[in-house]
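Before any comments, here is the structure.
The basis for the numbers below is simple: all heavy atoms, side chains too, and nothing from hydrogens, waters or symmetry mates. Convention: sequence-line order gives letters A, B, ...; per-chain numbering from 1.
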Protein chains: 2
Amino acid sequence: METRELRYFVAVAEELHFGRAAQRLGIAQPPLSRAIHQLERRLGVVLLDRTSRAVSLTAAGSVLLREARAALDAVEAAERRTRRAATGHAGLVLATKAGASSELLAKLLDAYAAEPDAVAVDLLLCGPAEQERLLRDGRADVALLHRPFDSTAGLDTEELRTEGQVVILPAGHPLTARTHVRSAEVTGLADLPMPRWPGRDGTYPDGPGPEVRSHAQLLQLIELGRACLIAPESSRARLRDTLVAVPVLDAPTVTTVIAWPPHSRSRAVAGLVRAATRL
Amino acid sequence: METRELRYFVAVAEELHFGRAAQRLGIAQPPLSRAIHQLERRLGVVLLDRTSRAVSLTAAGSVLLREARAALDAVEAAERRTRRAATGHAGLVLATKAGASSELLAKLLDAYAAEPDAVAVDLLLCGPAEQERLLRDGRADVALLHRPFDSTAGLDTEELRTEGQVVILPAGHPLTARTHVRSAEVTGLADLPMPRWPGRDGTYPDGPGPEVRSHAQLLQLIELGRACLIAPESSRARLRDTLVAVPVLDAPTVTTVIAWPPHSRSRAVAGLVRAATRL
DNA sequence: CAGGATCGATACCCGCGCGGTATCGCTGCC
DNA sequence: GGCAGCGATACCGCGCGGGTATCGATCCTG
């Protein structure tokens, strides 16, 4: 199978529409139809059920969609990492969620910078659940993840810290008088619904909470008394006095891990991980 | 980058010889030269240093070799898993080292077979250090590995059992009178050298021990007093009375893990892992 | 030191396959 | 029933991948 065929299939499988997929790929529709047919013929497998009105994935097609995405990521990663290796750009790219673990991150960067063979570390701030993809497609060399929110499947990891969670409320809210709360007391608040983040496709799930795109936006919403947030307790450090954090007893413990793609033989990654584990 | 280009590059990078690589690929040498040049031009990266007498990898070339292998494995896995998904062959393929963990394996298969939604499990016996590749390129769905010998990088795992190691000696050998030994006493034996296994390329490392290809062959060599073996203590169960096992106190502990490729959403794999963890 | 052997690069040609346009055939809808 | 939407099919042209022949550089050999 050629990557061209995989790219074509992924486009059709995602659009479920040959015309739109062809447009997205920048080719005409007939060659796309033919390419998919050829792919099916070569595999000996029907990937799509098509009537003249609708296209849908078969079970085998769903499998190929998932696998093809992974394979294309791997090819992309090969390209990117080769280019980076060539330009002699020895620097590391560290992916981290925007506005998370800043003091841990600072300590890590300081500790690593003190190592004898340290190289430059570029930071790549990204949205939630995006880091795994950055590592897999080669845009990042190493990332800070937070279990159980981020999946670490297929990555090598080292645990850095575990902590409880707090709920962040606007100052003056009745619950701020409490020394601790339970998660059910918070998620059910009608006056302070949990905000909704966009999914990978950019759309928002249904629900009562406000739609947010950034951390700053979210904090402002909390100050305005329109939302609340459950977050790791280390986020207290960055709170202004208009916001109050109250421990949530039964919220899942958050583990911050440093993660990197398997088989990454890079000395630089190894050094950064070593610095991290010594924190 | 197309997989064709990656295959071509891997062939050249492995052979370090355009002629042989072309032969291996079943094409003539000139198109291969051209393809590699094109790849370098498109990447904007020099991958190979070539004089008219010798070919060698640049730093970027080594990176691409490693990454390209991973990417090609992923493409191959996509193809295989899609084919398997299509034939409705719901069975699982379990990879395990030939002649290892047989009683654990038997218990696992029994426990899984008792599950309500169990599917057929095919066994794929393979040589040491081969399982990871089988999982990554889609020939196997799940494997039994032994840490620290097998690398679990890039795989999801669940620990099943930890055990010490024993040295397997021919009956009558002086050391068989001991209740335990230290590893230095065994690895230094001039009369019973450790056997040598072939590497991934089929060649044997240098050393004093006999060359072996199979477990049966090895056991016979031990019976004949020509070799000894350090193995997990569970291998005692299969020994004939011509062989004696003596615990090795300072040998590393062996952990048997069940491993599967990340993102494997298969219900069957999940069921097998669940059965394994309940053992 | 000359001649040959080896090996990658280059030149040139051919044919397949990818992509394009035009059109068909089916289906659901007003 | 006519129309609109959409995938499949037919057909064409050209670019590119692959082939052979040959060059040019380098090392070995007598």
For this session: Round to the nearest Å and state the distance from B:Ile27 atom CD1 to D:dG19 atom P.
Result: 6 Å

Exercise. With no hydrogens and no angle check, is any side-chain donor or acceptor of B:Glu211 less than 3.5 Å from a backbone partner on B:Arg196?
Worked result: no

Exercise. To the nearest angstrom, how far is B:Asp49 atom CG from D:dA25 atom P?
Worked result: 19 Å

Exercise. Rounded to the nearest Å, what distance is computed from the CD atom of residue A:Gln23 to the P atom of nucleotide C:dG19?
Worked result: 17 Å

Exercise. How long is the line joining CZ of A:Arg4 and P of D:dG17, in whole Å?
Worked result: 11 Å

Exercise. Is any side-chain heavy atom of B:Leu43 closer than 4.5 Å to a side-chain heavy atom of B:Met1?
Worked result: yes

Exercise. Quick one: do A:Arg274 and A:Glu158 make a salt bridge, cutoff under 4.0 Å?
Worked result: no

For this session: Go along nucleotides 2-12 of chain D 5' to 3' and tag each nucleotide: B for a protein heavy atom under 4.0 Å from its base, S when only backbone or sugar atoms are that close, - otherwise.
Result: ---BSBBB-B-

For this session: Using a strict 4.0 Å threshold on nitrogen-to-oxygen distance, state whether B:Glu67 and A:Arg84 make a salt bridge.
Result: no

For this session: Send over the distance from A:Tyr8 OH to C:dG17 P, rounded to a whole Å.
Result: 16 Å

For this session: Determine, for B:Glu76 against B:Arg69, whether the closest basic-nitrogen to carboxylate-oxygen distance falls under 4.0 angstrom.
Result: no

Problem set entry | A:Arg50 side chain vs A:Leu48 backbone, donor-acceptor pair below 3.5 Å | yes

For this session: Calculate the interatomic distance between B:Leu25 atom CG and D:dG17 atom C1'; express it in whole Å.
Result: 13 Å

For this session: Mind calculating the distance between CD (B:Gln38) and P (D:dC16) to the nearest angstrom?
Result: 8 Å

Exercise. Heavy atoms under 4.0 Å, any strand shown: does B:Glu5 hit a base, just sugar-phosphate, or nothing?
Worked result: nothing

For this session: Could you tell me whether A:Glu2 contacts a base, only the sugar-phosphate backbone, or nothing, with contacts defined as non-hydrogen atoms closer than 4.0 Å?
Result: nothing

For this session: Could you check how far CG of B:Leu32 sits from P of D:dT20, rounded to whole Å?
Result: 14 Å

